[in-house]
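As the structure is a prediction and not an experimental result, all values here were calculated from the model.
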Amino acid sequence: MAELKSVGKSIRKKDAMQLLLGKPAYVDDVTPHDALVVKVLRSPHAHALIQDIKIDIAMKVPGIEAIYTYKDVPQKRFTMAGQTYPEPSPYDRLLLDQRVRFVGDAVAIVAGETEKAVDKALKLIKVTYEVLEPVLDFHQAKDNPILVHPEENWRSLCPVGADNKRNLCASGVDAYGDVDAVLEDCDHVIEHTFHVKACQQAMMETFRTYTEIDRYGRLHVVSATQIVFHCRRIIANALDIPKSKVHVEKPRIGGGFGAKQTVIAEVYPAFVTWKTGKPAKMIYTRQETQIAGSPRHEMEMHVRLGASDDGTIRAIDLYTLSNTGAYGEHGPTTVGLSGHKSISVYTGNLEAYRFGFDVVYTNKQSAGAYRGYGATQGLFAVESMVNELADKLGIDPVVIREKNIVREGMTMPSYYNETTNACALDRCIERCKDIFGWEEKFPVRDMGNGRVRAAGIALSMQGSGISGLDVGSATVKLGDEGFYNLLIGAADMGTGCDTILAQIAAECLECSPDEIEVFGADSDASPYDSGSYASSTTYVTGKAVEKACIALKENMCKVAAEVLNCAENEVEFRGDGVYKLDGTGMISRTDIATKSMIGNTIPAQATVSHTSPVSPPPFMAGMVEIELDKETGNVQVLNYAAVVDCGIPINPNLARIQAEGGIVQGIGMALHENVSYTAQGRIMEDSFMQYKIPTRLDMGKLHVEFENSNEPTGPYGAKSIGEVVINTPAPAIAHAIFRATGVWHRTLPITPEKILLGSADE
C-alpha cells in the first residue's frame with residue numbers, strides 16, 4: 001500500500017473548536033425555546049390496568065395545551081428499536097396503553113406553554129388503577145401464567161422464536177459438533193453461572209427532541225438520535241401516518257453509547273405537534289433517563305467449559321437468559337452476541353460448542369442497546385471461565401490464551417462461519433504483556449499495610465457492522481473553487497465519525513481533510529444509512545465514502561476529457577486536477593467545478609451505497625493491576641493496559657479516546673454501577689447520587705496501543721473500534737480480585753461489601 005497522507009493521521013476533530021468554545025450545537029441549543037413543553041405521566045405500578053383517568057381538572061391549569069391518554073392514540077403496535085425493517089424486535093408498543101408494564105411506563109402525555117404549568121397538571125391527573133401481580137424475577141418469566149403482553153395484536157415480524165403467550169421475546173439454539181460427547185471426554189469441565197445487571201449508558205445529554213410542522217405541512221423532527229432513517233419509520237408507525245410526512249435530522253449528540261439507537265423521547269412531542277400543529281419539545285430529566293431509558297440487557301449466562309490437562313479448550317456450552325423488560329427493543333439481537341462473540345475468541349482448538357438462549361418479558365424497565373450489545377455480558381462469563389481454568393490447571397492465563405485463541409486465517413463456526421482475514425490478537429496479547437509488565441505484576445504482592453496488589457487479563461472481540469444487512473451510503477459533490485461536500489446519514493455522537501469519514505474522502509481525493517465539508521445526518525438530504533450502531537460507521541459507511549470518491553473522480557475525468565478534447569482513458573486524476581497522460585495539458589479542480597455548471601450533462605457528484613457480506617471482528621487484549629484493601633474491600637484500579645486490533649486506525653488519537661472511554665465504562669460496570677429494585681419493581685438508583693459512574697480518580701493510569709492488521713474488505717484496511725473496547729475490564733478486574741482474595745465473583749458490580757463477605761456468588 002502506498003504511503004497514506006490523511007488516513008492514519010491524528011488530525012483535530014472538525015467540530016472541536018465549536019464545542020470547545022461552547023457554540024450552539026445540541027438539540028436544546030439550536031431549537032426554539034418557546035415550544036410547548038411535553039412531559040409524560042408515569043406509572044407508579046409495575047403492572048396494572050388503567051380503569052379510569054380524569055384529566056378535566058388538569059386541563060384547567062393556565063397554559064395547558066393538551067393532555068392525551070390511551071384513548072387518544074392509534075391502536076397500531078410498533079417497536080422503538082432502531083433496526084432495519086423488518087425489525088427482529090416485536091411490535092409490542094402503543095404510544096399510550098391501557099396496560100402499564102413497569103414503574104415509569106407512560107400513562108398520559110401533557111403539553112403546555114411552561115414547565116411549571118405542565119408539572120402542576122401532572123399532579124392533578126387522577127388515575128384509578130387495577131393493580132396486577134407483576135413478573136419481576138426473570139428466572140420465573142418463561143411460561144409464567146402472568147403475561148406481560150397478553151394482547152392479540154402483538155406481532156413478531158421475524159422468526160426469532162418469540163411467543164408473547166409464553167413471555168418470550170426470542171428463543172433459540174445454535175450448535176456445532178457434539179458438545180455433550182466432547183465434554184464427556186474432557187479431562188476437566190468447569191461449570192458456573194454469571195450475572196450482569198441492566199447498567200445504564202449514562203450519557204451526559206439525556207434524551208431530547210424538538211418537533212414542528214414545516215412550511216410543507218410535514219412533521220419536522222430535530223432529535224439527538226443515532227438513527228435518523230429508522231427514527232422516521234418508527235415515528236410514522238407510532239403516529240400511524242405516512243413516512244413521507246416525517247423529516248428527521250440530528251444536530252450534535254452529547255453521547256449515545258447505543259441508548260439513542262432506540263426512539264425514547266421522539267414519539268411524544270411528535271404526537272403533540274401532529275395533533276396541535278404547534279412546535280413541541282421534550283427533554284428527559286436524569287431520573288427519567290435512569291428509570292425509563294434503554295439500559296443494557298440484564299443477562300445470566302450458564303457456562304460449561306471443557307478442556308484437556310494441557311489447557312486445550314475443546315468445548316464450550318453456553319446458555320443465556322436475557323431480560324428484555326417490559327418491551328422487546330433489541331431483545332432478539334443483543335442475546336446473540338453473548339454467545340457468538342465470546343465463544344469465537346477460542347476457535348483455536350474448539351471441537352464443539354452449543355449456544356442456547358431465551359429472552360423473556362418482565363415488568364421491569366425495558367432494555368435496549370448499549371455499547372458491546374450482549375458481547376459484554378458473554379465475554380464476562382467466558383473470559384472468567386478461561387481464567388478459572390488457567391488457575392485450576394496451574395497455567396499462566398496468558399499462556400492458556402495463546403494456546404487457544406482464534407488466529408488469522410481461521411474459520412469461526414460460532415461466528416457465522418466467517419474467516420478471520422485480518423487478526424492480530426496474538427500480537428495484541430504479546431504487546432500488552434510487554435507494556436503492562438505482566439511477569440512482574442501477575443504475582444500477588446502484599447504491600448504490608450493491609451493491601452494487596454494483583455493483576456488480571458481478558459480478551460475481547462466484536463464485529464464491524466451487521467453482515468449482509470447494514471447499508472452505509474455517501475454522496476460526494478464537487479463545489480465551487482474545487483472544494484468537496486460529503487453528505488452522510490451516519491450520526492456523529494462524539495466519536496468523531498465526521499472527521500474520520502472526511503479523512504477517508506481526503507485520502508481518496510488526494511486533498512486535505514480541510515477541503516472536505518461534512519453534512520449529516522438528515523433523512524431528507526442525506527443518502528440512506530442504517531445509522532451509527534453495531535460498530536458500523538468506519539467500516540461500512542467508510543467504505544461507501546471511499547467508493548463514492550472513486551466514482552466522483554471518474555466523473556471528473558469525464559468532464560476534464562471533454563475540456564481537454566481527448567478520450568477519458570487518456571487522462572488521470574491527481575488531486576489538484578485532471579492531467580493528460582502525455583503531459584500536454586491539465587484542468588484544475590476549480591475549473592472542472594466551473595465547467596460542471598455550464599452546459600454539462602455529467603454530474604459532478606456521486607452517491608454510493610455499500611453493504612458487506614462479512615463483519616470482520618476487531619480484537620483486544622486488556623490487563624489490569626488493582627490494589628485491594630482487605631479491611632474495607634475497596635478496589636483501586638492502578639493501571640490498565642490495552643492493545644487493540646482495529647485494522648488500520650484511521651485517526652489514532654480518536655481511536656485511542658474510544659478505547660479509553662470504553663475501558664472506563666467497563667471499569668464502572670465492574671465495580672460501581674448497580675441497579676436494584678424494590679419489591680414493588682421500582683428502581684432505586686434513579687440519579688447519579690445513587691448510580692455511581694467512574695470519575696477521573698477511579699480509572700487509574702490507562703495505556704492504549706494498537707497492533708495493525710490490514711482488513712481487505714475495509715476502507716484502507718480499517719475495522720471497527722467503538723464497541724470492542726468495553727468488554728475486557730469486567731472479567732479482567734474479576735480475575736485480579738480473585739488473585740487478591742481467592743474468591744471468584746460472578747455477579748456485577750463487585751462492590752466492597754461483596755468482597756468483605758468473601759463468598760462467591762452464582
Side-chain angles (χ1 to χ4, degrees), residues 40-51 53 70 77-81 89-108 127-156 162-171 195-200 262 264 287-300 320-332 334-335 358-368 674-686:
V40 168
L41 179 68
R42 300 192 177 277
S43 169
H45 305 294
H47 196 195
L49 286 173
I50 299 171
Q51 290 183 325
I53 181 165
Y70 71 90
R77 295 199 178 268
F78 64 98
T79 177
M80 287 185 177
S89 300
Y91 278 30
D92 55 14
R93 279 191 186 262
L94 297 176
L95 262 171
L96 299 168
D97 204 330
Q98 186 176 10
R99 181 184 296 267
V100 289
R101 295 176 173 84
F102 70 98
V103 176
D105 206 352
V107 173
V127 187
T128 303
Y129 296 97
E130 178 190 348
V131 180
L132 306 174
E133 185 178 349
V135 181
L136 296 176
D137 185 345
F138 74 137
H139 301 95
Q140 300 173 5
K142 182 179 175 180
D143 293 325
N144 194 303
I146 301 168
L147 295 180
V148 179
H149 284 278
E151 62 270 12
E152 294 301 322
N153 60 350
W154 176 98
R155 287 196 299 147
S156 177
D163 186 345
N164 62 316
K165 299 304 170 67
R166 300 182 65 198
N167 282 335
L168 278 177
C169 178
S171 182
H195 185 196
V196 176
K197 296 186 179 181
C199 45
Q200 295 280 354
T262 305
I264 298 294
Q287 182 191 42
E288 286 181 300
T289 301
Q290 292 291 113
I291 69 164
S294 57
R296 188 182 297 284
H297 283 75
E298 177 186 25
M299 290 187 189
E300 188 175 87
T320 299
L321 178 65
S322 178
N323 184 2
T324 194
Y327 300 97
E329 279 87 20
H330 301 279
T334 50
V335 71
D358 287 310
V359 184
V360 294
Y361 284 113
T362 64
N363 292 114
K364 289 187 174 180
Q365 177 181 200
S366 179
N674 195 33
V675 176
S676 55
Y677 282 81
T678 67
Q680 293 73 39
R682 180 177 65 83
I683 291 176
M684 291 191 280
E685 295 81 10
D686 63 358

Ion pair present between E130 and R99, side-chain N to carboxylate O less than 4.0 angstrom?
-> no

T128 and Q51: side chain donor to acceptor below 3.5 Å = no

Looking at residues at least two apart in the chain, or sitting in another chain, which of them share a ring pair (Phe, Tyr, Trp, His ring centres under 6.0 Å) with Y677?
-> none

Could you tell me whether a side-chain N or O of H297 sits under 3.5 Å from a main-chain N or O of A198, the two making a donor and an acceptor?
-> no

Measure across G293 and Q365 and return the closest heavy-atom pair with its distance rounded to 0.1 Å.
-> N-OE1, 2.6 Å

Report the residues that fulfil side-chain contact (heavy atoms from CB on, under 4.5 Å) with A170, sequence neighbours left out, ordered by chain and then residue number.
-> V160, P332, F357, V359

Could you tell me whether the side chain of T678 and the main chain of Q680 form a donor-acceptor pair under 3.5 Å?
-> yes

R101 and Y361: CA distance, side-chain angles, deciding distance, side chain to side chain contact (heavy atoms under 4.5 Å, CB included) verdict = CA-CA 10 Å; R101 295 176 173 84; Y361 284 113; over 6 Å; no

Just jot down the ring pair (Phe, Tyr, Trp, His ring centres under 6.0 Å) partners of H47, sequence neighbours excluded, or say none.
-> none

Excluding sequence neighbours, so at least two apart, what forms ring pair (Phe, Tyr, Trp, His ring centres under 6.0 Å) with H330?
-> Y373

To the nearest 0.5 Å, how far apart are CG in L168 and CG in D143?
-> 6.5 Å

Full working for side chain to side chain contact (heavy atoms under 4.5 Å, CB included) between L321 and V360 = CA-CA 8 Å; L321 178 65; V360 294; 4.1 Å; yes

Under 3.5 Å, is there a donor-acceptor pair between the side chain of D92 and the main chain of A326?
-> no

Could you list the residues that satisfy side chain to side chain donor-acceptor pair (under 3.5 Å) with E685, not counting sequence neighbours?
-> S676

Only counting residues at least two apart or in another chain, list the ones meeting salt bridge (charged side-chain N to carboxylate O under 4.0 Å, His left out) with E298.
-> none

Salt bridge between D97 and R77, side-chain N to carboxylate O under 4.0 Å?
-> yes

Pair D686-Q290, side-chain donor/acceptor within less than 3.5 Å = no

